[in-house]
Each structure stands twice: as C-alpha cells, then as structure tokens.
J.: 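Okay, handing you the structure first.
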Amino acid sequence: MAGHTEASILIDAPFPLVWEMTNDVDNWTNLFTEYAVAEVIERDGNTLTFRLALHPDENGKVWSWVSQRTLDRENRQVHAKRIETGPFEYMNIHWTYLEEGNGVRMVWKQDFQMKPTAPVDDQGMTNRINANTPIQMKVIKEKVEAAARAAARGTTHKTIARADIPPNRRRGAEIRVLLGPATVGSESGFLGVAVLEPGESIAEHYHPYSEEFLYVVSGVLTVDLDGEPAVVEADSGVLVPIKVRHRLRNMGTETVKAVFHLGPLAPRPELGHVDTETAEEAATFTRQT
C-alpha cells in the first residue's frame, strides 16, 4: 500500500505574504528548522529544480535529494515531486492555499511509496511525516505571522539588528537581508549586509528586475561587473545595473562589510535573481586570481 499524509494550518496573514515566504525556496533554511541546505539548481518559468539537505541525523548521516516544484499562483497551489527519490519509489507533494477569514489555510498533501530496501516501510514513513509536519507548520505560521505584524505596523519604525537575521551562505560568504518584504513588509525593495572574510566570495549572479546599490563600510571589495573587476574601497559605493552579472570578492587581508539595497522588487521572489555560477566555482576563481 502507498503512503498518504495530509495536514493543514491557518496562518493569520494575507495571501501574498504567505505565498511569497513559503515559496521562496532560497530562504527555506530560515523558514524550516529541518533543512541545512536549500539550493535552487535551475529555474524554468514557474518550475524550480532544487536540492535540499537535512541536518545530520542521530547517526551523523545527512539526507539529501533533488526535487522539482511548479508554482501555480493563479490557482493557489503548488505541485512538487522528488527527482532523486532515494529510499522512495516516488514522492509527490501538493500544497494548496485557501483564504479563510483574514488568513490563509495552507494544506499539505504527500503521496509516496517506499522502496523494499528503505529503512522504514510506508506506515513508518507516514508516522514520521505526521510527527514532523505539525512542528514545521507551527514554525512557519509563527514566522509568517510575525512578518505580517511587522508589515501592519509599517516599515518606518521597524528596527532590525543584523544579529536578528540568520546568515545565508548559499552563494559563499555571509548575506543577511535585514529590511525586506519578509521582515518589515517593504514593497519597493530590500536592504541587507554582506560580510566577506579574506579570500571569501559571493558567487556571480544577476538581477533581471532590480538595480543594486552597494556601499562598502569597511575593507576593500572587488566587484566583477560582467567580468570586469572594480575595486571598491571603504566609504565608497558602486551601482550594479539591471541584468549585469556581478561577483563579490575579498582579495585583501581585512574583513569586508558592505551594505546593499535592491529595487524595485521582482514580480515574484523566485524571479529576483539568476545564478550564473556556484559558490564552489566562485571560490575556485577567487583562489586562482
């Protein structure tokens, strides 16, 4: 027999915010407690191919797999499946978003079957999912509702400390978005901080819809703009135009701290940036330069 699970939770927040935060795969490590890695590999229209990795289990094993996710905002649903099935014969996932009062009821359904060689059978995996899903849903509810409250208070008087935001190192060095739609409900752009230790880099990417304003607070930063290096010293800034590929490198001996602002926002979070190399490729390029 195949396994099936279904769970739901009511989130007291408007649909656009619930949709944006729960479908921003790049930031799933900040939204879920179970994921150590969430890396988008490819974007094709509304379909994302991405890799997830869990935190090590009690035996130190790290479970990792590749999934594909198709977003259908018009019908307020998401269909996903595992590409690398691992212990599953198959794993299909269906999320729906139902407006209920002033909030949104998020419903998760999972249909799967375990391989004969899997460490647990269908019932065992059903029990695991049913135990973990309410935990993850509760965390997501709290984070989305906190963002909704911040947005309701307005962006003017909301103060966010760098230490309040978990670091995102998916592109290499540390990136933290302090002021954005998810933290203060901003509608025109977002602001963050990048910190690069000597020899660190942030992988090349570009923004299809946004300009990036970059100001170096301390250290000396090398910014590769469409392959041309620009050295930006402390108390200096540089503009990264829309669609210009850019990589950040610390080629000096001091820590670089830089503030960045992007605007306007992309129509959807998943369209906000396009990666043109991996963090590993950027690190290799930096070492060889």
Side-chain angles (χ1 to χ4, degrees), residues 11-33 35 37-40 43 48 50 71 73 97 104 106 139-196 202-203 205-217 223 237-244 246 248 257-275 279:
I11 301 176
D12 186 14
F15 167 73
L17 182 62
V18 177
W19 178 270
E20 176 183 317
M21 291 187 65
T22 57
N23 287 297
D24 186 3
V25 175
D26 286 313
N27 285 310
W28 271 10
T29 54
N30 298 324
L31 188 65
F32 292 79
T33 63
Y35 298 134
V37 174
E39 177 186 6
V40 175
R43 301 175 191 272
L48 290 76
F50 57 98
L71 311 181
R73 179 170 178 145
Y97 299 78
V104 175
M106 186 169 58
V139 171
I140 291 170
K141 172 182 171 69
E142 291 173 350
K143 292 184 177 181
V144 176
E145 289 181 351
R149 290 193 297 270
R153 289 196 296 269
T155 62
T156 304
H157 303 294
K158 178 65 175 176
T159 300
I160 304 291
R162 175 170 159 247
D164 293 336
I165 306 299
N168 182 342
R169 293 184 174 274
R170 191 178 70 81
R171 292 185 177 85
E174 174 188 314
I175 298 175
R176 303 183 197 229
V177 175
L178 276 65
L179 307 177
T183 57
V184 296
S186 60
E187 299 179 356
S188 64
F190 60 88
L191 177 144
V193 176
V195 177
L196 297 85
I202 292 176
H205 60 285
Y206 68 89
H207 306 289
Y209 295 90
S210 308
E211 294 179 311
E212 181 169 352
F213 302 84
L214 185 63
Y215 175 78
V216 177
V217 178
V223 183
V238 64
L239 170 67
V240 181
I242 293 173
K243 296 184 180 179
V244 168
H246 51 289
L248 278 58
K257 182 181 292 185
V259 176
F260 59 86
H261 174 268
L262 275 78
L265 292 174
R268 301 193 304 273
E270 65 271 15
L271 300 179
H273 61 264
V274 177
D275 292 313

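Just the heavy atoms: all of them, side chains too, but no hydrogens, waters or symmetry mates, feed the values below. Note that this is a predicted model, so its numbers are computed, not measured.
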J.: Exactly one of R169, E174, R171 should register a side-chain contact (heavy atoms from CB on, under 4.5 Å) with I202. Which one does?
T.: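 Between I202 and the candidates, side-chain contact (heavy atoms from CB on, under 4.5 Å) is satisfied uniquely by R171.
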
J.: Within a strict 4.5 Å, meaning less than it, do heavy atoms of the H207 and I242 side chains meet?
T.: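 Sidechains of I242 and H207: no contact.
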
J.: For the residue pair Y97 and T22, establish whether any side-chain heavy-atom pair is separated by less than 4.5 Å.
T.: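 Counting from C-beta outward, Y97 and T22 do come under 4.5 Å.
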
J.: Do you know which two heavy atoms are closest between T29 and A38, and how far apart they sit?
T.: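 Shortest heavy-atom separation between T29 and A38 comes out as CG2-N, 3.7 Å.
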
J.: Please check if atom NZ in K143 has more than 12 non-hydrogen atoms from other residues, nucleotides or ligands closer than 6.0 Å.
T.: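 More than 12 heavy atoms, drawn from other residues, nucleotides or ligands, come within 6.0 Å of this atom.
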
J.: Which atom pair, heavy atoms only, marks the closest approach of F190 to V177?
T.: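 So the two residues come closest at CD1-CG1, 3.9 Å.
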
J.: Can you find a heavy atom in the side chain of Y209 that is under 4.5 Å from one in the side chain of L265?
T.: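 Sidechains of L265 and Y209: no contact.
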
J.: State whether the side chain of H246 and the backbone N or O of H205 hold a donor-acceptor pair below 3.5 Å, judged by distance alone.
T.: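 Flag set: sc H246 to bb H205 pair under 3.5 Å.
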
J.: Do the non-hydrogen side-chain atoms of R170 and D275 ever get within less than 4.5 Å of each other?
T.: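 Side chain of R170 against side chain of D275, heavy atoms only: contact under 4.5 Å found.
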
J.: Could you check whether any side-chain heavy atom of V259 comes within less than 4.5 Å of a side-chain heavy atom of L191, counting everything from C-beta outward?
T.: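 With C-beta onward as the side chain, the pair touches.
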
J.: Run the side chain to side chain donor-acceptor pair (under 3.5 Å) test against N30 and tell me which residues pass, sequence neighbours left out.
T.: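 Applying side chain to side chain donor-acceptor pair (under 3.5 Å) to N30 gives none.
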
J.: Measure the shortest side-chain to side-chain distance between V104 and W19 over non-hydrogen atoms and say whether it is less than 4.5 angstrom.
T.: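 No, every pair of side-chain atoms sits at 4.5 Å or beyond.
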
J.: Considering all heavy atoms of both residues, which atom of R73 and which atom of F15 are nearest to each other, and what is their separation?
T.: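 What the structure gives for the nearest pair is NE-CE2, 4.0 Å.
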
J.: Determine the minimum heavy-atom distance between P181 and G189, stating which atoms define it.
T.: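 Heavy atoms of P181 and G189 come nearest at CD-O, 4.4 Å.
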
J.: Check G272 against P208 and note the closest heavy-atom contact, atom names and distance.
T.: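 Minimum heavy-atom contact is O-CD, 3.5 Å.
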
J.: Side-chain contact, heavy-atom cut-off 4.5 Å: L179 with I160?
T.: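 Heavy-atom side-chain distance check passes, below 4.5 Å.
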
J.: Determine the minimum heavy-atom distance between M106 and I140, stating which atoms define it.
T.: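 That closest heavy-atom pairing would be CE-CG2, 4.1 Å.
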
J.: Using 30° and 60° as the class limits, which term best fits the ring planes of H261 and F213: parallel, tilted or perpendicular?
T.: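 It falls in the tilted class, 30° to 60°.
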
J.: Flag the pair H273 / E212 as yes when at least one side-chain heavy-atom distance between them is below 4.5 Å, and no otherwise.
T.: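 Contact flag for H273/E212 side chains = no.
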
J.: Whether the side chain of S188 engages the backbone of P264 through a donor-acceptor N/O pair (distance < 3.5 Å, no angle test) should be reported.
T.: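 No; zero donor-acceptor contacts below 3.5 Å.
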
